[in-house]
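Scroll down for the structure; my scribbles are underneath it.
Remember, it's a predicted structure, so these values are computed and weren't measured experimentally. The residues of the chain are indexed from 1 along the displayed sequence.
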Amino acid sequence: MDRESRDTFDIIDEIQENLAIDVTPASWPIGVGRDFMGCYDMLHDRLELMDRADRNVVAETVSIDGLDDPKLDELIPEHLAAQLREEVEMAKALLPKLDAQSVLEGHMTPIWFGSAINSFGVKELMDGIAEFGPEPQIQTAQPRSVAPEETKVAGFVFKVQANMDPKHRDRVAFVRLASGHFKRGMKLTHVRTKKPMAISNPVLFLASDRELAEEAWAGDIIGIPNHGQLRIGDTLTEGEAIRVTGIPSFAPELLQTVRAGDPMKAKHLEKALMQFAEEGAAKVFKPNIGSGFIVGVVGQLQFEVLASRIEMEYGLPVRFEPTQFTSARWVSGDKADVEKFVNVNKQHIAHDHDGDVVYMTRLQWDIDRIERDHPELKLTATKEMMI
């Protein structure tokens with residue numbers, strides 16, 4: 001198996017390891033990089049070939065009779081056809097067959113390949129989600145769960161995105177409806193603040209396109225423009241005090257300090273970091289000792305993305321630098337016990353953007369020691385988005 005095919009299987013292995021469930025391909029790439037020509041739809045036995053002039057769209061969909069069909073050799077260069085046959089044969093032998101029921105039960109997920117830089121394959125992915133995705137399920141909440149067939153509207157914010165339109169400095173909260181029939185102009189209660197909100201300009205998104213959402217149902221996602229009132233984990237209802245639960249915040253895998261290129265713009269940097277923390281794009285920690293902030297992400301590329309966004313959206317060049325810490329854990333327990341622990345371990349203590357206490361460390365040994373010596377406290381790598 002050559003380098004390119006190893007890369008494809010590595011992607012599947014990484015996804016499977018991160019998701020901890022079975023993964024199987026629904027489509028397979030025909031070539032990679034400059035040689036990318038499109039995808040083979042393994043579920044419907046057809047080729048989705050990319051338009052060489054407009055690499056964002058499928059130029060041709062060709063049904064074939066298996067990979068031995070002569071049409072394959074007429075449409076694809078010999079070396080790519082041979083590579084496709086070899087890789088798909090291996091995938092079918094090594095990976096489980098797609099089981100729609102296992103997908104619905106959350107034991108398996110199909111993968112559709114495409115080209116992110118060209119947006120190729122987006123429609124095929126969306127079609128696949130429509131075909132195999134589950135119907136709206138009962139939503140866990142307090143003090144009761146929410147059923148999708150309920151008539152009254154309930155929904156929750158799972159993502160916040162700022163500056164989607166740089167010209168308007170907009171901020172959009174993405175709300176997934178858990179129940180009811182939403183209509184534009186409805187007044188919904190913002191449960192955290194107990195205040196009504198008139199939802200007059202909800203939007204539906206498809207890639208970069210948006211349109212006014214006149215109505216929506218359970219399972220739909222609408223965007224609500226706002227000025228910072230809505231945060232991840234917020235619940236909106238038609239009046240009932242329900243709080244959706246089960247929305248976790250994960251401890252980051254990588255930590256770095258961040259500094260503004262212009263020291264006089266420290267306040268601007270703080271504003272930008274708080275914005276991204278509220279979006280969920282990164283974790284931001286303020287150490288108890290020293291100045292500056294520590295930013296946590298799950299992948300190295302995110303630091304580059306954050307630096308680019310801060311410069312583009314706030315006109316503020318920044319640099320990320322290594323920090324002495326490699327792990328962060330949220331600390332919970334009785335208030336008096338937490339305060340005592342903080343006072344004794346100030347050099348390891350920070351607070352996240354919600355003000356919650358975080359224990360920063362270099363070694364897993366430190367975490368194990370704290371858990372052993374302080375059974376009254378709990379150190380966790382996730383925290384519930386308590387709103």
Side-chain angles (χ1 to χ4, degrees), residues 1-33 35-52 54-69 71-73 75-77 79-137 176 205-207 219-221 299:
M1 186 165 54
D2 62 18
R3 171 69 182 174
E4 291 178 349
S5 57
R6 279 201 305 271
D7 287 344
T8 304
F9 279 96
D10 285 346
I11 291 171
I12 295 176
D13 287 341
E14 184 177 348
I15 294 173
Q16 185 156 290
E17 181 179 345
N18 289 337
L19 294 180
I21 60 175
D22 286 334
V23 171
T24 195
S27 68
W28 199 265
I30 304 172
V32 296
D35 290 333
F36 180 73
M37 289 188 61
C39 292
Y40 168 54
D41 184 338
M42 298 174 64
L43 302 180
H44 303 98
D45 196 22
R46 62 193 182 197
L47 304 175
E48 305 284 358
L49 300 179
M50 185 171 62
D51 188 325
R52 306 302 288 185
D54 183 355
R55 296 171 66 89
N56 293 329
V57 300
V58 174
E60 189 176 12
T61 298
V62 181
S63 295
I64 58 176
D65 186 15
L67 292 180
D68 292 328
D69 192 321
K71 283 189 286 188
L72 183 69
D73 299 290
L75 297 166
I76 299 175
H79 71 288
L80 292 181
Q83 179 182 325
L84 177 65
R85 290 185 172 111
E86 177 188 359
E87 292 180 359
V88 170
E89 182 180 356
M90 292 186 63
K92 289 181 175 179
L94 297 173
L95 298 169
K97 185 177 180 180
L98 180 62
D99 183 339
Q101 187 59 36
S102 292
V103 173
L104 292 175
E105 293 173 355
H107 306 308
M108 173 182 282
T109 184
I111 300 173
W112 282 265
F113 283 90
S115 173
I117 195 170
N118 298 318
S119 300
F120 179 89
V122 173
K123 180 181 182 300
E124 290 66 36
L125 171 62
M126 299 295 288
D127 290 344
I129 292 173
E131 182 176 356
F132 293 98
E135 296 180 354
Q137 305 293 304
R176 185 183 188 276
F205 291 92
L206 181 59
D220 287 340
I221 293 170

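Listed here is the closest heavy atom pair of L98 and P110: CD1-CB, 3.9 Å. Scanning all heavy atoms of the two residues, the minimum distance from A91 to F9 falls at N-CZ, 3.8 Å. Closest approach of R176 to G219, counting heavy atoms only: NH2-CA, 4.0 Å.
Rounding to the nearest 0.5 Å places CD of E60 at 10.0 Å from CD of E48. Rounding to the nearest 0.5 Å gives a distance of 8.5 Å between CG of D41 and OG1 of T61. Note: F120 CZ to C39 SG = 5.5 Å, rounded to the nearest 0.5 Å. Separation of atoms CD (E135) and CD (Q137) is listed at 7.5 Å; rounding is to 0.5 Å. The line from CZ of R46 to CD of E124 is 7.5 Å long, rounded to the nearest 0.5 Å. Summarising the geometry, atom CG belonging to L125 is positioned 11.0 Å from atom CD1 belonging to I111; distances are rounded to the nearest 0.5 Å.
No side-chain heavy atom of D45 sits under 4.5 Å from any side-chain heavy atom of D69. The shortest side-chain heavy-atom distance between V103 and M108 falls under the 4.5 Å cut-off. V23 has its side chain out of reach of L95: every pair of non-hydrogen atoms, C-beta onward, lies at least 4.5 Å apart. Within the 4.5 Å cutoff, the side chain of Y40 has heavy atoms near those of the I64 side chain.
By the ring-ring contact (aromatic ring centres under 6.0 Å, His included) test, F113 is found to be paired with W28, residues two or more places apart in sequence or in another chain being considered.
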Does the pair I21 and H107 meet the rule for a side chain to side chain contact (heavy atoms under 4.5 Å, CB included), with working shown? CA-CA 5 Å; I21 60 175; H107 306 308; 5.8 Å; no

Evaluate the criterion side chain to side chain contact (heavy atoms under 4.5 Å, CB included) for residue pair D68 and R85; output intermediate values, then yes/no. CA-CA 8 Å; D68 292 328; R85 290 185 172 111; 4.1 Å; yes

Test I76 against L47 for side chain to side chain contact (heavy atoms under 4.5 Å, CB included), laying out the working first. CA-CA 10 Å; I76 299 175; L47 304 175; 4.2 Å; yes

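Under a 3.5 Å cut-off, the side chain of T24 and the backbone N or O of P96 do form a donor-acceptor pair.
More than 12 heavy atoms of other residues, nucleotides or ligands lie within 6.0 Å of CD in E105, so this atom counts as buried by the packing criterion.
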